[in-house]
Amino acid sequence: MPQYPGYRPGYSFKGLFFTVFSLAMTNIAGDNMAVVPLMATALQNDIYGVVLAAYFGIGACLAGISAWIGAIAKDELPQTVEWNGGKPAKDLLAWAILGVCLPASALTGGFFAGAILADIFGVAHGWGAFWALLIYAFCVRKKNKRLILSLNTLSLLTIPLLLAACFPLGQFAGSQTHLPVPVDRWTVIWALVGYNACGLRPVLLTEAGACFHSPWLAVGTAVAAKWLEGAITLFFAYAVVESGAAGLLPIGQILENHWGMVGRMLFLISLLTVIFSCMVPAMDVNAHQIKGLTGLRHSHALCLALIITLSITFLGLVKLLGMLAIAGLAATLTMLSIGRKFTR
């Protein structure tokens with residue numbers, strides 16, 4: 001098996017802290033800033049157990065397994081699976097990735113980003129979702145690395161500002177309208193597991209794990225990054241529950257309540273840049289998996305990924321969470337099966 005020619009981080013505390021922080025920040029996506037806060041308005045105090053199970057428990061275990069595979073195999077996840085199980089195993093992994101990435105893309109890039117664009121431009125939600133997904137697909141096609149890097153950097157800078165801006169916590173005056181979200185806790189747990197630890201995430205963590213000489217150091221770094229991501233998510237959930245915020249984007253309501261239009265603009269810029277930084281690679285991954293399974297050209301596979309993602313966006317929040325829960329459980333079993341081969 002070929003050796004992965006990646007950057008080998010040092011073992012200094014500063015180097016490891018920077019690696020953990022970078023991994024955690026790059027994993028912040030729509031689930032942390034939109035899905036969990038929205039679920040917090042429905043589940044209230046029960047959201048804490050959900051976040052602990054999804055991020056600190058199952059998600060951290062899957063992150064550790066992905067990093068372990070990368071540190072042992074010294075290669076990317078699809079190539080590692082193909083080396084060990086052939087084309088059928090690689091196709092199974094592609095289906096597992098698509099099963100999570102497609103509904104996650106629909107939820108983040110279609111449902112939430114579409115709602116924001118619809119509110120800004122005064123169009124129907126469907127048109128907002130269409131234009132949002134089209135922008136991501138266009139950026140994948142054009143491969144403007146400078147624009148993507150600039151927006152990634154902006155999203156990394158705005159997340160700490162967003163956390164600081166949530167203080168001081170205070171109750172909203174008057175009654176808030178809570179959106180009815182008829183989902184149970186286990187559905188939300190497995191949907192969040194699929195969102196934060198399956199799909200694109202194992203591919204990234206396996207590639208990161210390949211940069212480490214020590215498998216246990218790779219596992220510890222990946223788990224620490226997942227716990228830091230979970231802590232940030234837990235804070236967002238706590239802010240929503242304590243403030244009594246409601247609506248589709250309660251974090252935005254909190255910032256607008258504290259800082260007025262400045263807070264609202266900070267949230268919208270932060271969320272849109274975070275969604276952009278995760279949706280462009282997600283759409284690229286969707287296209288690559290479809291290309292590998294069907295033999296289509298990349299541009300045709302990208303168009304098909306766009307059509308599928310837009311179509312399932314119209315299923316709505318509850319059905320998308322249900323799809324993610326099923327896909328998350330299936331992808332977890334797939335990763336456990338792959339991980340077993342590297343512990344013998």
Side-chain angles (χ1 to χ4, degrees), residues 26-35 76-78 90-91 93-118 125-156 191 194-207 271-315 317 320 323-324 327-328 331:
T26 53
N27 280 335
I28 297 294
D31 57 322
N32 315 96
M33 298 177 61
V35 178
E76 297 177 355
L77 186 58
K90 186 178 180 181
D91 288 346
L93 177 65
W95 282 112
I97 292 173
L98 276 178
V100 171
C101 272
L102 285 174
S105 299
L107 191 56
T108 301
F111 185 81
F112 284 107
I116 293 173
L117 292 186
H125 183 215
W127 281 110
F130 170 75
W131 286 110
L133 293 172
L134 189 63
I135 290 171
Y136 306 137
F138 178 79
C139 291
V140 172
R141 183 66 179 156
K142 289 300 180 181
K143 298 185 184 299
N144 190 332
K145 294 183 179 180
R146 181 173 296 180
L147 173 63
I148 294 172
L149 180 61
S150 299
L151 290 174
N152 286 350
T153 304
L154 181 60
S155 68
L156 291 177
Y195 218 130
N196 83 84
C198 302
L200 179 61
R201 305 299 174 82
V203 179
L204 298 176
L205 285 173
T206 302
E207 189 172 347
L271 182 58
L272 287 174
T273 53
V274 165
I275 290 177
F276 183 92
S277 66
C278 67
M279 276 301 302
V280 172
M283 290 298 290
D284 196 21
V285 166
N286 289 337
H288 274 292
Q289 304 311 314
I290 292 174
K291 176 184 175 182
L293 291 170
T294 62
L296 293 172
R297 294 174 56 186
H298 184 268
S299 57
H300 296 164
L302 181 61
C303 290
L304 184 56
L306 173 62
I307 293 170
I308 295 173
T309 305
L310 180 62
S311 300
I312 62 178
T313 299
F314 294 102
L315 293 176
L317 175 65
L320 285 174
M323 288 178 63
L324 264 174

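Note that the numbering runs from 1 along the sequence shown for the chain. Computed from a prediction, not measured in an experiment: that's the story for all the values here.
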Fill in: Full working for side chain to side chain contact (heavy atoms under 4.5 Å, CB included) between Lys291 and Leu302
CA-CA 8 Å; Lys291 176 184 175 182; Leu302 181 61; over 6 Å; no
Practice prompt. Tell me, with the steps shown, if Cys139 and Phe276 meet side chain to side chain contact (heavy atoms under 4.5 Å, CB included).
Written response: CA-CA 10 Å; Cys139 291; Phe276 183 92; 3.5 Å; yes
Item to complete: Under the side chain to side chain contact (heavy atoms under 4.5 Å, CB included) rule, what do Gln289 and Trp95 come out as? Steps first, then yes or no, please.
Response: CA-CA 8 Å; Gln289 304 311 314; Trp95 282 112; over 6 Å; no
Worksheet entry | Audit row: Asn196, Asn27, side chain to side chain contact (heavy atoms under 4.5 Å, CB included) steps and yes/no | CA-CA 7 Å; Asn196 83 84; Asn27 280 335; over 6 Å; no
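For the residue pair Val100 and Gly328, the shortest heavy atom distance occurs at CG2-N, 4.2 Å. Smallest separation of non-hydrogen atoms from Tyr136 and Met283: CB-CG, 4.1 Å. The shortest heavy-atom contact between Ala29 and Val274 is CA-CG1, 3.6 Å. Residues Gly109 and Ala132 come closest through the heavy atom pair O-CB, 3.4 Å. For Ala106 against Thr313, the heavy-atom pair with the smallest separation is CB-OG1, 3.5 Å. The shortest non-hydrogen separation linking Cys101 to Val285 is SG-CG1, 4.3 Å.
Of the candidates Leu102, Val35, Leu107, Leu107 is the only one forming a side-chain contact (heavy atoms from CB on, under 4.5 Å) with Leu320.
Rounded to the nearest 0.5 Å, atoms CG (Leu306) and CG (Asn286) are 10.5 Å apart. A distance of 10.0 Å separates CD1 in Ile307 from OG1 in Thr309, rounded to the nearest 0.5 Å. With rounding to the nearest 0.5 Å, the separation of CG in Leu315 from CE in Met323 is 6.0 Å. Taking CG from Leu296 and CG from Leu304, the interatomic distance works out to 6.5 Å, rounded to the nearest 0.5 Å. In this structure, Ile135 CD1 and Phe130 CZ are separated by 10.0 Å, a value rounded to the nearest 0.5 Å. Residue Leu117 holds its CG atom at 14.0 Å from CZ of Phe112, rounded to the nearest 0.5 Å.
Two residues are said to be in side-chain contact when any heavy atoms from C-beta on lie closer than 4.5 Å; Val280 and Asp284 fail this criterion. At a threshold of 4.5 Å between non-hydrogen side-chain atoms, the residues Leu98 and Leu293 count as touching. Leu133 has its side chain within reach of Met279: a pair of non-hydrogen atoms, C-beta onward, lies under 4.5 Å apart.
With His298 contributing its side chain and His288 its backbone, the two residues share no donor-acceptor pair below 3.5 Å.
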